[in-house]
2 protein chains.
Amino acid sequence: MCLEMDAVFKALADESRRKLLDVLHKSNGQTLGELCAHLDMTRQAVTKHLLLLETAKLVTVVWRGREKLHYLNPVPIHEISERWIGKYERHRLQALSDLKRGLEENKNKKG
Amino acid sequence: MCLEMDAVFKALADESRRKLLDVLHKSNGQTLGELCAHLDMTRQAVTKHLLLLETAKLVTVVWRGREKLHYLNPVPIHEISERWIGKYERHRLQALSDLKRGLEENKNKKG
DNA sequence: TTGACATGCAACCAAATGGTTGCATAATGT
DNA sequence: ACATTATGCAACCATTTGGTTGCATGTCAA
């Protein structure tokens, strides 16, 4: 089990950091500079946020020359749902989510 | 979709509040007094934590006379995993978790 | 080689957070 | 009726958090 669950939750507690995860979810492997373009704050502030995400192992970093590429890691997120949702509850909730998703997709087709 | 995701993440960011969820996960419907017994802080501090959990809809309360009963609500947690884990990734991760769980249960039987 | 670009490091500051204490209110039981 | 029990509300305080600015370092390209 993950010994650094605390870092994960702390990292997810901030709107800006969640937005960074969203941005990476859409397009993985972006540089610091690219990520900065999505947030209305200084590069140094974004750097701090990314550092928290890295220590929480929510994003992984690969250096390419002078560029720092950021990748999303879904494992810690999944461990959260493992913690407080029972086996059967999970299946029930998943069925609900899938149903809702299906309805939304259908709605988009018609609209 | 949930419009108050922020409250959920803020609520989960604190170790004491996560412990409260763990305690409720083991035994649902406890009073404030009972919950206080599990944490090393004043009743007022616990009250504040529970208020955050309530506004995040992570716990639901029912009054019985002068007692306040607290119940765990798994829905917001599940919505977290919906946000950053793709459909296929989720199945893969779930298979991994189930495998790990199975191994641990087996180990416990043998030990 | 040198200038521009991508990033790191450190000091600083205002606001939010997590805890305390003290007092108030309402339900319970003898 | 009244002491006890279960909880709420408010003021206060130290620490953490999220942001800034200024400067340093390392890589690329002409």
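What you see below is based on every heavy atom in this structure, not just the backbone, and it leaves out hydrogens, waters and symmetry mates. First the proteins, then the strands, lettered A, B, ... as listed; each starts at 1.
- Nearest to the side chain of Glu67(B), among dT7(D), dG19(C), dG19(D), sits dT7(D).
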(message) Walk along nucleotides 22-30 of chain D from 5' to 3' and tag each nucleotide B, S or - by protein heavy-atom contact under 4.0 Å, base first, then sugar-phosphate.
(response) B---BBS--
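- When the P atom of dG19(D) is taken as reference, atom CG of Leu52(A) falls 11 Å away, rounded to whole Å.
- Rounded to whole Å, the distance from CG on Leu51(A) to P on dG18(D) is 13 Å.
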(request) Evaluate the criterion side chain to side chain contact (heavy atoms under 4.5 Å, CB included) for residue pair Leu58(A) and Leu72(A); output intermediate values, then yes/no. (result) CA-CA 6 Å; Leu58(A) 283 162; Leu72(A) 185 58; 5.5 Å; no
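- For the helix from dT1(C)-dA30(D) to dT30(C)-dA1(D), the axis fitted to the five pairs at one end and the axis fitted to the five pairs at the other end meet at an angle of 30° (nearest 10 degrees).
- Distance CG (Leu69(B)) to P (dA27(C)): 15 Å, rounded to an integer number of Å.
- Between Lys68(B) and Glu54(B) a salt bridge is recorded (basic side-chain N to carboxylate O distance below 4.0 Å).
- Between Leu50(A) atom CG and dC9(C) atom C1' there is a gap of 16 Å when expressed in whole angstrom units.
- Across the protein-nucleic acid pair, Leu39(B) atom CG and dG18(C) atom C1' stand 13 Å apart, rounded to whole Å.
- Atom-to-atom, CD of Glu15(B) to P of dT15(D) comes out at 21 Å; the value is rounded to the nearest Å.
- Under the 4.0 Å criterion applied to side-chain N and carboxylate O atoms, Arg18(B) and Asp6(A) are assigned as salt-bridge partners.
- Proximity of Thr42(A) to the phosphate of dT20(D): a side-chain N or O atom is located under 4.0 Å from OP1 or OP2.
- The Asp14(A) side chain lies nearest to dG18(D) when the options are dG18(D), dG8(D), dT20(C).
- Proximity of a side-chain donor or acceptor of Arg17(A) to a complementary backbone N or O of Ala11(A) within less than 3.5 Å is detected.
- Atom-to-atom, CZ of Phe9(B) to C1' of dT17(D) comes out at 18 Å; the value is rounded to the nearest Å.
- Closest approach to the Thr31(B) side chain among dG19(D), dT7(D), dT7(C) is made by dT7(D) (side chain taken as heavy atoms from C-beta onward).
- Rounded to a whole Å, the NZ atom of Lys68(B) is 15 Å from the P atom of dA27(C).
- Note on Leu21(B) and Leu52(B): separate hydrophobic clusters, where clusters join Ile, Leu, Val, Met, Phe, Trp and Tyr whose side-chain heavy atoms are under 4.5 Å apart, directly or indirectly.
- The side chain of Met41(B) sits closest to dG19(C) out of dG19(C), dG8(C), dG8(D).
- Between the Asp14(B) side chain and the His49(B) main chain, no donor and acceptor come within less than 3.5 Å of each other.
- The closest donor-acceptor contact from the side chain of Asn73(B) to the backbone of Val59(B) lies at 3.5 Å or more, if one exists at all.
- His70(A) contributes a side-chain N or O that, together with a main-chain N or O of Gln30(A), makes up a donor-acceptor pair within less than 3.5 Å.
- Pairing each heavy atom of Leu24(A) with each of Gly29(A), the nearest pair is CD2-N, 4.2 Å.
- Considering only side-chain N and O atoms, Lys48(A) lies nowhere under 4.0 angstrom from the phosphate OP1 or OP2 of dT20(D).
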